[in-house]
Amino acid sequence: MNIAFLAILVIIWSILFFYEQLTKTTDSQQIFLYSSPSFWVVAAYLIYFAGTFFLFIYSQNQNLEEQVSEISIQYSLINGVFVLIKNILLSVAMFSKGDSMDKHPGKYRSSTF
Amino acid sequence: MILLQAAGSSNIPSVLFFGTLGMLALAVGLVIFIVFHQRRIIRYQHQLQKMEEDQQKMLLEASIQLQEEERQRIAADLHDDAGPLLATVRLYLNENIVNLDQSSQLQAIYNAKQIIDDTIQLIRNISHSLMPPTLKNFGLESAINDVFQKINGSGSINASCRFHDYRRRLKSEHELSVYRIIQEMINNILKHSNASFIHLTQNKNDDQFFIRIHHDGFGLTQTEFEKFKNKPQGLGLKNIQSRVSLLKGQLFFEKDPSQTYFKISLELPGDSFQ
């Protein structure tokens, strides 16, 4: 599958996720978004795919035989940076405590700002 | 930083560089916006909740204060009226024991009887003002009719009431609340509005109970009601509001389109019926 297409899909899905989260908070459920791991996971993939989107398009359109080494260096450099950011955000997601409300009801409800 | 260095050191096309930066900025901006927006929503909800709580508290305080005032009034009635009367009776009877002259004894007993009659009347009035007996025995319709007849009797204002469909009575505690609400509203109309007529109609449809009061004086509109209700002074409207919310009913103040009279409607849900 075309990776740029995939990137667009992921970005759209992440935006939809955020939109849904925003509309959900207007109900009685009042948890801060950033206390839930899913927020960090989605943010990680959103930033990764948004960042590498142009890179993917660019690398697809390049004539690879001409400047293989330079392209691959640039590619791996930019990609590496975003993979790093993505992994940091994913690890934040792992270390943030779960949003399982049934286990600790009310624990993550905001009482103070 | 690394990106900048990469752009500087090697010849990354500016489209790729700025495209990547732009997308990154958009994504990060989106995430930050979402977080802050959500915080704002939550804060707003908290404020709303707090405001509601405050209002509840105010209503509660008003009802407690009203109760205290009522107690003080009863205490004053009993202490100032019934107390001296009974003390006087005691004096007359005491005189009976001391004075053995039969005619003066009779006179004293007669006086004592008069005073006891007065006291009985007084206590009856007090208890009636606490809980109208017609309401308990004959229902809201008769009690309201009584009130309106009394108002009509004064001659200065034309008061009429009509119950269209009151075959099923409300629960007795609801009847009492509705009676108090109407009493307070009539009281307000008489005191403040300078009206020349008051007309009350009762109706029922689809298991809902309606009371509508029309008057042609200077009345309240809904916005004014909300405003006065939230003011710290003045118990009457707060009390009406707390009773209405206790009944899970709704209260509307309107001015008629023709601008000639004001309308107050009270709606109660169907489960208020017996």
Side-chain angles (χ1 to χ4, degrees), chain A residues 7-8 10-11 14-15 17-36 39-40 42-59 61-62 67 69-71 73-82 84-85 89 109-113, chain B residues 1-60 226 241-242 245-246 248-250 269 271:
Chain A
I8 290 178
V10 170
I11 291 169
S14 338
I15 291 173
F17 170 81
F18 284 137
Y19 180 71
E20 193 208 349
Q21 292 296 310
L22 274 194
T23 49
K24 218 163 79 179
T25 48
T26 49
D27 303 340
S28 59
Q29 197 185 14
Q30 288 196 345
I31 319 162
F32 282 117
L33 260 181
Y34 47 76
S35 63
S36 76
F39 167 78
W40 291 106
V42 174
Y45 280 101
L46 174 67
I47 288 172
Y48 173 72
F49 277 103
T52 51
F53 177 63
F54 272 85
L55 185 71
F56 292 152
I57 294 177
Y58 178 71
S59 64
N61 294 337
Q62 280 298 312
Q67 346 157 293
S69 62
E70 198 159 335
I71 287 280
I73 289 171
Q74 290 167 7
Y75 186 96
S76 56
L77 185 64
I78 298 177
N79 194 35
V81 171
F82 283 108
L84 191 68
I85 295 174
L89 289 178
R109 272 158 204 258
S110 57
S111 54
T112 50
F113 293 106
Chain B
M1 269 302 145
I2 302 167
L3 274 176
L4 273 176
Q5 280 170 8
S9 63
S10 56
N11 53 346
I12 295 179
S14 56
V15 177
L16 173 59
F17 179 65
F18 287 114
T20 306
L21 266 192
M23 285 297 273
L24 185 66
L26 277 181
V28 173
L30 179 72
V31 171
I32 291 173
F33 167 75
I34 299 280
V35 167
F36 277 90
H37 188 66
Q38 202 222 12
R39 279 177 72 108
R40 221 180 52 208
I41 289 178
I42 290 179
R43 200 169 298 175
Y44 175 72
Q45 277 174 350
H46 267 253
Q47 262 172 9
L48 219 66
Q49 216 172 346
K50 199 165 161 281
M51 256 165 62
E52 258 169 40
E53 272 166 21
D54 282 355
Q55 204 176 339
Q56 290 288 328
K57 214 177 119 195
M58 216 162 69
L59 286 180
L60 189 71
E226 305 282 341
Q241 180 61 40
S242 64
S245 48
L246 201 72
K248 298 191 187 71
Q250 280 175 307
D271 58 2

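Letters A, B, ... mirror the listed sequences (proteins, then strands); counts begin at 1.
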Exercise for review: Calculate, to the nearest 0.5 Å, the distance between atoms CZ and CG belonging to F54(A) and L21(B) respectively.
Suggested key: 11.0 Å

**Study point:** Part of I34(B) lying under 4.5 Å from any heavy atom of chain A
**Key:** both

Practice item. Please round to the nearest 0.5 Å and tell me the distance separating atom CZ of F53(A) and atom CG of L24(B). Key: 14.0 Å

**Study point:** Residue pair L46(A) / V31(B): nearest heavy atoms and the distance that separates them
**Key:** CD2-CG2, 3.9 Å

Exercise for review: Can you sort out the partners of F17(A) under ring-ring contact (aromatic ring centres under 6.0 Å, His included), two or more places apart, ordered by chain and number?
Suggested key: none

Check your understanding: From F18(A) CZ over to H37(B) NE2, what is the distance, rounded to the nearest 0.5 angstrom?
Key -> 13.5 Å

Exercise for review: Please look at Y48(A) and chain B and tell me whether the side chain, the backbone, both or neither of the residue comes under 4.5 angstrom of a heavy atom of that chain.
Suggested key: neither

Point to revise | For Q250(B), side chain to side chain donor-acceptor pair (under 3.5 Å) partners two or more places apart | key: none

Review point. Considering only heavy atoms, which portion of I11(A) lies under 4.5 Å from any heavy atom of chain B: side chain, backbone, both, or neither?
Key: side chain

Practice item. Take atom OH of Y45(A) as the centre, draw a 6.0 Å sphere, and report whether it contains more than 12 heavy atoms from other residues, nucleotides or ligands. Key: no

